[in-house]
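Order of listing sets the numbers, starting from 1, for every ligand and every atom in it.
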Amino acid sequence: MNARFEPSGPLRGTASVPADKSISHRAALIGAMASEPVRIRNYLDAADTRSTLAAVQRLGAIVEERGQELVVRGCGLRGAFAPRQAIDVGNAGTLMRLLPGWLSFQQGLSFMLDGDDSIRRRPIDRIADPLQRMGARIEAREGRYPPFTVHGAALQGIDYELPVASAQVKSCVLLAGLVTDRTTVTEPVPSRDHTERMLAAAGAPVERAGDRTAGYRTAVGHADQLGLPVVEIPGDISSAAFLIAAGVLVPGSRLVLERVGVNWTRTGFLRILNRMGAIVLTDAEPPGSFAAHEPVADIDVRSAPIEATAVEAEEVPLAIDELPLVALLGCFAEGETLVRGAGELRVKESDRIATVVEGLRGLGADIEALPDGFVVKGTGGLRGGTFDAHGDHRLALLGAVAGLACETGVEVAGMEAAEVSYPRFADDVRQLVS
Ligand code: S3P
């Protein structure tokens, strides 16, 4: 589906963004592993998180909609059923990489996972390696791609050093670690910590330690059972980021986004924007915090002229899904914006270095790809044109924001990809512009 986004008048007013996708996936999965019913408020209604609900139901959990809440009646840690056919993860990388952590200790059972064309290009050896070291067996197409099968086994604890910071891989190992005496995961730089927070809230023994030299270490110990109080999902900062960028770039804008999750492992984009000189006010959580709950705040954005900045490896996991927007902002900023140490972008829903560079160039940007990032020369704005989403939700939304801020508008090819995380983006923009 093609959708046209015309240069916009100021965005003004208050909006609430869709619920956090990462936290929604985790609430459904940990709910399915729990022994008591778990009530979830504000679960994300989008394609990715529907895939997770469908998956846990196939594994034996019961999901009921009760007014504004979802109630997940789980299987308990060791009580998953093995469906005869493959579990379809759709487009959801987080589901594909977290779920095997639970499945890996369903002793004697085997589970096949498969997904869409984009999922079939995304590597799973990064989770297969630690899970096999723990004792599970994984068979994958060409050794590293879906479809793949997880054969559950008795697991032993490991100390795992992640080659690249990845919340998905860390989470997978921590979930598997729940049946071991102790399992630790060390990351070179911190990544989002929603799993740790939710496991701590669910009664699992979780510890966190470390620093830049030692690496950041998370340990989990044996849990007999999990039980969660009501989970209230905050707004998704990664979805909010598209409206924030539009608000910064479209002159005269002033908008407030209500009840957005501001866990510091997710707010790298706000820190980058502040360095660029944008005016974004929030009481985001201070860096380094760790609590069992997810902090929430309103984000207040005004348009402003912006300057170039550099984003280096240490900041990358804290803003990984917002880096395409940094490229767009770079086109409007004074100077040269650089993103490095972000090779992970190449294995997202699309190769986001290639697709962002190609897409923005087509709109008139002066942007070069690097093996692990990109460099953008600010040219005071963008012309406009057509922009291919390549089946990637964050690309579709990027093209839409570019359309609002450029000179002649943008025709986004494949706008339906936005269904994965932010189905009502165009409606939210319309409401803020009118
Ligand atoms: C996610 C982690 C990130 C992110 C993805 C969601 C998560 O991936 O890009 O959109 O929910 O854990 P990596 O952990 O692979 O960097």
Side chains of residues 143-152: which donor-acceptor pairs under 3.5 Å do they make with residues two or more places apart or in other chains?
residue	atom	partner	partner atom	Å
Arg144	NE	Asp125	OD2	3.0
His151	ND1	Ser110	OG	2.7
His151	NE2	Glu139	OE1	2.6

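Not counting sequence neighbours, the partners of Glu314 by the salt bridge (Lys or Arg N to Asp or Glu O under 4.0 Å) test are Arg212. Here Asp181 pairs with nothing under the side-chain hydrogen bond (donor to acceptor under 3.5 Å, both in side chains) rule; sequence neighbours left out.
With no hydrogens or angles considered, no side-chain donor-acceptor pair links Thr337 and Thr309 at under 3.5 Å. Between the side chains of Thr14 and Glu258, not a single donor N or O lies within less than 3.5 Å of an accepting N or O.
The one candidate from Gln168, Arg26, His25 that meets the side chain to side chain donor-acceptor pair (under 3.5 Å) condition with Thr94 is Gln168.
Around ligand 1, the residues contributing at least one heavy atom under 4.0 Å from the ligand are Ser22, Arg26, Thr94, Ser166, Ala167, Gln168, Arg192, Ile320, Asp321, Lys348.
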